[in-house]
Amino acid sequence: MSKPYRNPKGSHSRQFWETAYDNTTRYQFYFNKLTEISTSLFTWENLPPSVDPRFLELCLFSTGCAVFFKDDVLSEAARLEGKEDYDKQGYLALRVMANGPFDVYNTPINRVAYASSVGKNQWKLDNTNSVLIWNNRLRLPSAYEAWVYAHRLENIDRDVDVNAAAQKTPVIVTCPESQRLTFKNLMMQYDGNVPIIFGDKDLNLNNIQVLNPGVPYTAAELQDLKREIWNEALAMQGVPNLTISKRERLVTDEIQQATAGTSACRMSKLEARQQAAEQINKMFGLNIQVSVNSLYTSGISDDEGNTVNDWLDPNPEDNGGEPKE
C-alpha cells in the first residue's frame, strides 16, 4: 500500500527520490506498527495445534475474513505418523474466496480456502464443513483504517522534519555573481555548524543582503497533533489509550464516556470472532475461546504515567461515585 511516485526529470531527481523513499519508509513504519497492534488485540484459546493464531489475525486484518475447516487428509497423515493428538490435527484457518449463492443473512454458502504452500493449496468448501470468521460486524478488513492513519502520521512526521530544518538555516543570501562561489562556501560552513567562519580582507559585504524568512516554529504543535492522531488510530483499532490530564480521581462514568467509542470498535471485532468460535465449536466439537488480550484491557494513563486504576475511586459506592479529595 505504498504511494506511487512518478519519475521526475532534471537535476533534482536524486533529491526527489530520497524524499520519496523517506516518505514511503515513514508510512510503512506506522502501517507496520498499527498492524502489529491490531493483530495482537485478541487472544485465541484452545485452538488446535495446526491452527496459527498469528496467521489467522493477519488474514482478518488484511482481507476481513478467514475460513476454519478440517482437512481429513492431514488428520489421517497425523494418525499414520502415530501422533497421539491426531484427532486434533488437520484443522486449518486460512485465507478464503467466498462465493455465492448466499443464505438469508447474506453469508456466502460456497467458499474456497487457499494457501501459498507447495502441493495442495486450495480446498473447496461450503457452509456444511467450514465456518467463516469475520473481522468485524461490517465484515471489512482493518487494513483500511491503518492505511489512512499511517498516511496522516507520515505527513505530519515529514512536516515536523521540514519545520525543524527551517529553524537551522532560515536565511536567503543575495550577492553579486562574482562572489556567489565565495558565499556558497561560507554557507556550507554555516550549514556544517562551523563555530567561526573566516573571510579574507577582500571580502565585500556592501552588496550582500541576508533575508530571514522568519519561519515560525510549529514542530511542537505538530507533535501534539501527531499524538492525537496516533491515539485516534489506536481507538479505531479498539485499543484503549485515553490520556488523562485531570489531577483528581476519575469516576467510572467519566472513563466510560471517554472510552465508549474505543469499546464499540473493539466489541465489533470481538463479537464477530466469538460468534465464529461458537459456530466452530458446534460444528467440530471443539472448545475454542477468544477474548481481548489482557495487555490491552487497561491502557488509560495520566500525564505522569499512572494507570487508570490509580485514578479511579476504588469505592465509589461510599461517596456516591464522586472523586475522592
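The shown structure was predicted, so the numbers you read here are calculated from the model rather than taken from an experiment.
Judged purely by atom type and a 3.5 angstrom limit, Asn136 uses its side chain to pair as donor or acceptor with the backbone of Leu140. Without hydrogens or angle criteria, Thr24 side chain to Ala20 main chain gives a donor-acceptor distance under 3.5 Å.
Of all non-hydrogen atoms in Gly90 and Leu74, the two that sit nearest each other are CA-CB, 3.7 Å. Closest approach of Asn135 to Ser142, counting heavy atoms only: ND2-OG, 2.9 Å. In terms of heavy atoms, Thr107 sits closest to Arg139 at OG1-NH2, 3.1 Å. The minimum heavy-atom distance between Leu34 and Trp230, with the atom names listed, is CD2-CZ3, 3.7 Å. Of all heavy-atom pairs between Ala219 and Asn163, the closest is N-OD1, 3.1 Å. Of all the heavy atoms in Ser50 and Leu92, the pair that sits closest is O-CD2, 4.0 Å.
Interatomic distance, Ser130 OG to Asn110 CG, rounded to the nearest 0.5 Å: 9.0 Å. Summarising the geometry, atom CZ belonging to Phe31 is positioned 12.5 Å from atom CG belonging to Leu153; distances are rounded to the nearest 0.5 Å. A distance of 12.0 Å separates CD1 of Ile37 from CG of Asn293, quoted to the nearest 0.5 Å. Once rounded to the nearest 0.5 Å, the distance linking CD1 of Ile133 with CG of Leu60 reads 6.5 Å. Once rounded to the nearest 0.5 Å, the distance linking OG1 of Thr35 with CH2 of Trp147 reads 14.0 Å. Note that CG of Leu234 is 8.5 Å distant from OG1 of Thr262, once rounded to the nearest 0.5 Å.
With a 4.5 Å cut-off between side-chain heavy atoms of Ile, Leu, Val, Met, Phe, Trp and Tyr, the cluster of Tyr105 takes in Val104. Side-chain contacts under 4.5 Å among hydrophobic residues (ILVMFWY), followed directly or transitively, place Tyr114 together with Met97, Val112.
Annotation: side-chain hydrogen bond (donor to acceptor under 3.5 Å, both in side chains) contacts of Gln289 (sequence neighbours excluded): Asn287. In this structure Met267 satisfies the side chain to side chain contact (heavy atoms under 4.5 Å, CB included) test together with Leu270, Glu271, sequence neighbours excluded. Taking the side-chain hydrogen bond (donor to acceptor under 3.5 Å, both in side chains) definition, one finds that Asp224 meets it with Arg227, sequence neighbours left out. Listed by chain and residue number, Pro108 satisfy the side chain to side chain contact (heavy atoms under 4.5 Å, CB included) test with Ala98 (two or more places apart in sequence, or in another chain). With sequence neighbours left out, the side chain to side chain contact (heavy atoms under 4.5 Å, CB included) criterion links Gln223 to Val160, Lys226. Under the side-chain hydrogen bond (donor to acceptor under 3.5 Å, both in side chains) criterion, Asn32 pairs with Gln28, not counting sequence neighbours. Applying the side-chain hydrogen bond (donor to acceptor under 3.5 Å, both in side chains) test to Trp123 and every residue at least two apart in sequence or in another chain returns Asp71. For the side chain to side chain contact (heavy atoms under 4.5 Å, CB included) test, residues two or more places apart in sequence or in another chain that qualify with Pro141 are Tyr144.
Screening residues 24-50 for salt bridge (charged side-chain N to carboxylate O under 4.0 Å, His left out) gives Asp22-Arg26, Arg26-Asp157, Arg26-Asp161, Lys33-Glu36 as the qualifying pairs, with residues at least two apart or on separate chains. Sorted pairs that involve residues 95-113 and meet salt bridge (charged side-chain N to carboxylate O under 4.0 Å, His left out), not counting sequence neighbours, are lacking altogether.
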- Task: Give the C-alpha distance, both sets of side-chain angles, the deciding distance and a yes or no for side chain to side chain contact (heavy atoms under 4.5 Å, CB included) between Glu145 and Val148.
- Result: CA-CA 5 Å; Glu145 301 164 2; Val148 169; 5.9 Å; no

- Item | side chain to side chain contact (heavy atoms under 4.5 Å, CB included) between Thr39 and Arg54, intermediate numbers included | CA-CA 7 Å; Thr39 55; Arg54 168 191 168 277; over 6 Å; no

- Item | Glu232 and Tyr149: CA distance, side-chain angles, deciding distance, side chain to side chain donor-acceptor pair (under 3.5 Å) verdict | CA-CA 9 Å; Glu232 183 180 324; Tyr149 285 103; 2.6 Å; yes

- Query: Please walk me through it: do Phe68 and Val51 pass side chain to side chain contact (heavy atoms under 4.5 Å, CB included)?
  - Reply: CA-CA 9 Å; Phe68 187 99; Val51 175; 3.8 Å; yes

- Kindly determine whether Val239 and Leu41 satisfy side chain to side chain contact (heavy atoms under 4.5 Å, CB included), including the steps that lead there. CA-CA 7 Å; Val239 178; Leu41 182 58; 4.1 Å; yes

- Message: Walk me through whether Lys269 and Glu57 qualify under salt bridge (charged side-chain N to carboxylate O under 4.0 Å, His left out).
- Response: CA-CA 11 Å; Lys269 297 179 179 181; Glu57 284 296 332; over 6 Å; no

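Using a 4.5 Å cut-off on side-chain heavy atoms (C-beta onward), Thr43 and Val292 make no contact. Looking only at side-chain heavy atoms (C-beta outward), Cys59 and Leu94 stay at 4.5 Å or farther from each other.
Under the 4.5 Å side-chain contact rule for hydrophobic residues, Phe29 and Ile156 share a cluster. Residue Leu58 is not grouped with residue Val67 when hydrophobic side chains (ILVMFWY) are merged at heavy-atom distances under 4.5 angstrom, including chains of intermediate members.
For CZ of Arg137, the number of neighbouring non-hydrogen atoms (other residues, nucleotides, ligands) closer than 6.0 Å is 12 at most.
In summary, the aromatic rings of Tyr91 and Phe284 are positioned with their centroids under 6.0 Å apart.
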